[in-house]
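Predicted model only: the values in this text are computed from it and were never measured. In what follows, every chain begins at residue 1, and chains take the letters A, B, ... in the order their sequences are listed.
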There are 2 protein chains.
Amino acid sequence: MATIKDVAKEAGVSIAAASLALNGKGSLSEETRAKIIETAERLNYKPNALAKGLVTSNKINTIGIIIPKPGTEFLPFVGMDILGGIGEVANEKKYNMLLDWEEGLGGTKVLDLVRSGIVRGLVFFLPLNDVTTFRALNDLNFPYVLMSRPPEGVYCSWVDVDNVDAAYQATVSLIKAGHTRISFSSPGPIEFLVSSDRHSGYRQALLSHNISYDESYVSIGNGDIQSGKAAMTHFLSLKEPPTALIAGSNLLAIGMLESLKEHGLDHRDKAIITFDDSPLAESYGISAIHIPTNTIAKESARLLIKRIGHTRRVEPENIVIDAQLIVRNTFVPVR
Amino acid sequence: MATIKDVAKEAGVSIAAASLALNGKGSLSEETRAKIIETAERLNYKPNALAKGLVTSNKINTIGIIIPKPGTEFLPFVGMDILGGIGEVANEKKYNMLLDWEEGLGGTKVLDLVRSGIVRGLVFFLPLNDVTTFRALNDLNFPYVLMSRPPEGVYCSWVDVDNVDAAYQATVSLIKAGHTRISFSSPGPIEFLVSSDRHSGYRQALLSHNISYDESYVSIGNGDIQSGKAAMTHFLSLKEPPTALIAGSNLLAIGMLESLKEHGLDHRDKAIITFDDSPLAESYGISAIHIPTNTIAKESARLLIKRIGHTRRVEPENIVIDAQLIVRNTFVPVR
DNA sequence: CTGAAAGCGCTTACAG
DNA sequence: CTGAAAGCGCTTACAG
């Protein structure tokens, strides 16, 4: 394969001139520059990225994408959506995408990758909750962006959806449809950040519409179908059951629907909105809060590349993206 | 970050000695070697992959994975499955994974990637039917493997499922269950390689069990739900309708099921087997031929890495993987 | 058993 | 406006 030496020789100039011309730098005569570029194209010359990277930043123009190991979580749709989003930005900015994941807890693959000089920055999806890795990256002043809020004690750049607002919007839409008895089911302890934000948005919506917050309308489970059934059974047993339900996960919502059926009711009897939108929610026709993963991915990539461009240490930045309510046939105005 | 120079100085040896020790080459005293390795660990030394790559193969230990642009085809599940499979092998062999796709027809990103020296080999999934790219790779003697049969006129290594055998097995299983009137619906012209192989397996199974091949039991559509309905309606109108049906796509099978319902029948009345297995087939409970994408991915990666190891030109290799019939509630013995 | 030197392909001050 | 030289971090013959 042609090297810059070949191009220089063929064009009858020095290697330095060739380099300058091909990078659009220095002050060469238009004539020489044109000749060099023409020669490079004719020889199918493409600069060796390794040599270039070695001499400039000591790194190659690559962003590393760290995801959970495929098959360990339910993320195929989200996963491809994210890769597509990051790829779009990466292509535009002439970066390559390197894909990787830790094999287990406490793995050092991410740090090894950084030390080896292959990547100029990292985007993390569903971070390993391994705070050490992030701390080490901070110490190295190495650019990275999380596609979610960071774990406790980590100060860094991130892009995430506004969960408070999402829950607020969902609740308000139910209130506007005439509901006043609205339940909230969390797939895990309210203390978890995501749940806590959503719960808070739910509560704010109620209060700002003068609806009193009622603990019996809040259920906490573990996010599976069984939990959804249990929640619905509990709510139906109340003297004044909720007329609308917010489910913290798709499986919760599906469990609720099934429980409705078992009680001789169906989706026309209760309004249900679920986090998050997914093909599952879609196929069940459940109204859902759509998390724009593709947008989050793109913004993360843009933010990362911007940070890579900075030579000095800069303060972390955060971007909050709006979620969007998708109304399907489980959204019923109160009768 | 520590370089080999730092390690050498700290350990009080020459750079060459350090390199030798860290790569387990040369003949150093056990003592020196141990001291060097200990020092490297203490300094968190990790060789700069670019410098190493530049001086050895002119390339970095990375395999490129070329997929269709995310979002353009229905492949999230398959896509993540493949990335997981390739990643498993890559990790094991200490290779990085670079992900990329062409933006449009006639793109040159793949070739540019190769010329830039970032990847040592490529795995293609659903190849762009851009024969030029493969020809160019062949000219460069650059290692690559297709995760499917190659397009006409391309001589290369590939890993794929045995479609003839898959259709044969599916048909035989129906025959063994007592069916003799078995239909075959193709999602596209029989001339297409995949369809042709499957049709051929179907036909062979019939013949080898002394069932005559009947053209009226074969339908050709375009693979969507509408086609499935049309096929079923046609088959039901026959004087002797088939008792078992092989559908060339999930949507075809779903269309068939819906048509059955419209005719007042259901899945207990006809045996249906579809290509390929997918969450869609699973959620509809349709018996399906499972294509082991994960295995194909792993075998492709292994084959590629093996080829990367060869310095001389070697003949392409092909690996054929068996498919597997998954029996669900649309598989009914004839009554 | 170990060190000095050349070189991988590039870029970038520095002279002229 | 252009060329000679140094250097990025590593490996690998080649001397000693």
Side-chain angles (χ1 to χ4, degrees), chain A residues 1-37 39-40 43-62 94 112-120 311, chain B residues 1-37 39-40 43-62 94 112-120 311:
Chain A
M1 283 194 263
T3 70
I4 199 170
K5 217 160 151 184
D6 301 324
V7 175
K9 190 189 284 178
E10 181 84 7
V13 298
S14 73
I15 293 179
S19 172
L20 259 18
L22 293 166
N23 290 304
K25 295 189 180 170
S27 45
L28 308 184
S29 71
E30 258 327 304
E31 201 188 331
T32 336
R33 189 181 297 275
K35 187 173 60 187
I36 292 171
I37 290 176
T39 312
L43 297 184
N44 253 333
Y45 169 74
K46 185 85 187 150
N48 180 305
L50 274 54
K52 191 169 190 162
L54 184 59
V55 79
T56 52
S57 56
N58 233 346
K59 297 205 182 54
I60 220 171
N61 263 7
T62 299
K94 308 287 177 206
D112 287 349
L113 193 62
V114 168
R115 294 208 191 90
S116 73
I118 300 186
V119 293
R120 296 195 57 177
T311 43
Chain B
M1 282 193 265
T3 69
I4 198 169
K5 219 161 152 181
D6 302 323
V7 174
K9 190 190 282 179
E10 181 85 7
V13 297
S14 74
I15 294 180
S19 172
L20 260 17
L22 293 166
N23 290 304
K25 295 190 179 170
S27 44
L28 308 183
S29 71
E30 257 328 303
E31 202 188 329
T32 335
R33 187 180 298 273
K35 188 174 59 187
I36 293 171
I37 289 176
T39 312
L43 297 184
N44 253 333
Y45 169 76
K46 186 84 187 153
N48 181 305
L50 275 52
K52 192 167 188 163
L54 184 59
V55 78
T56 52
S57 55
N58 233 345
K59 296 204 184 57
I60 221 172
N61 263 7
T62 299
K94 307 288 176 206
D112 287 349
L113 193 63
V114 168
R115 292 208 193 90
S116 73
I118 300 186
V119 293
R120 296 195 56 179
T311 44

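Separating the CD atom of B:Glu30 from the P atom of C:dT2 is a distance of 11 Å, rounded to the nearest angstrom. As rounded to whole Å, 9 Å separates atom P of D:dC10 from atom CG of B:Leu22. Between the C1' atom of C:dT11 and the CD1 atom of A:Ile4 lies a distance of 8 Å, rounded to the nearest Å. Following rounding to the nearest Å, A:Leu20 (CG) and C:dC10 (P) show an atom-to-atom distance of 14 Å. Rounded to an integer number of Å, the gap from CG of A:Asn58 to C1' of D:dC10 is 11 Å. Summarising the geometry, the separation between CG on B:Leu43 and C1' on D:dG9 is reported as 15 Å, rounded to the nearest angstrom. Rounded to whole angstrom, the span from the CD1 atom of B:Ile118 across to the P atom of C:dC10 amounts to 13 Å. Atom CE of A:Met1 is separated from atom P of C:dC8 by 15 Å (rounded to the nearest Å).
Closest to the side chain of B:Thr3, out of D:dC10, C:dT2, D:dT2, is D:dC10. When the nucleotides C:dG3, D:dT11, C:dT11 are ranked by their closest atom to the side chain of B:Ser19, D:dT11 comes out on top. With C:dC1, D:dC8, C:dT12 as the candidates, the nucleotide lying closest to the side chain of B:Ser29 is C:dC1. Ranking D:dT11, C:dG9, C:dT11 by closeness to the A:Asn23 side chain, first place goes to C:dT11. In the set D:dG7, C:dT12, C:dC8, C:dT12 carries the atom at the smallest distance from any side-chain atom of A:Lys25. Among the nucleotides C:dG3, C:dG9, D:dT11, the one closest to the side chain of B:Val13 is C:dG3. Which of C:dT11, C:dG3, D:dC10 sits closest to the side chain of B:Ala17 comes down to C:dG3.
Taking for each of B:Val55 and B:Ile15 the nucleotide of DNA chain C with the nearest heavy atom, the 5'-most of the two is the partner of B:Ile15.
The pair A:Asp112-A:Arg115 meets the salt-bridge criterion, with a side-chain N (NZ, NE, NH1 or NH2) lying under 4.0 Å from an Asp/Glu carboxylate O.
When every heavy atom of B:Ala21 is checked against every heavy atom of B:Ile37, the shortest pair comes out as O-CD1, 4.2 Å. In terms of heavy atoms, B:Val119 sits closest to B:Lys59 at O-CD, 3.0 Å. Closest heavy-atom contact between A:Asn61 and A:Arg120: OD1-NH1, 2.9 Å. Contact between B:Leu22 and B:Tyr45 at its shortest, heavy atoms only, is CD1-CE2, 3.5 Å. When all heavy atoms are compared, the tightest approach of A:Ile118 to A:Thr62 is O-CB, 3.4 Å.
Contact annotation: the side chain of B:Leu50 never approaches that of A:Asn58 to less than 4.5 Å [non-hydrogen atoms, C-beta and beyond]. Taking 4.5 Å as the limit, every side-chain heavy atom of B:Arg33 sits out of range of all side-chain heavy atoms of B:Ile36. In this structure the side chain of B:Thr3 never reaches within 4.5 angstrom of the side chain of B:Asn48, judged on heavy atoms. Using a 4.5 Å heavy-atom threshold, the side chains of A:Ile60 and B:Ile60 count as touching.
Across all strands shown, A:Leu54 has heavy atoms under 4.0 Å from base atoms, whether or not it also approaches the sugar-phosphate.
Put simply, the side chain of B:Ser19 never gets that close to the backbone of B:Ile15: no donor and acceptor are under 3.5 Å apart.
Against DNA chain C, the stretch residues 44-52 of chain A makes heavy-atom approaches under 4.0 Å through A:Tyr45, A:Pro47, A:Asn48, A:Ala51, A:Lys52.
With values rounded to the nearest 0.5 angstrom, B:Met1 atom CE is found 10.5 Å from B:Asn44 atom CG.
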In dot-bracket form, how is DNA chain D paired, counting a Watson-Crick or G-U wobble pair only if both its distances are under 3.5 Å and using | for bases paired to another strand? |||.||||||||.|||
Table of protein N/O atoms under 3.5 Å from nucleotides 4-6 of chain D N/O atoms:
none

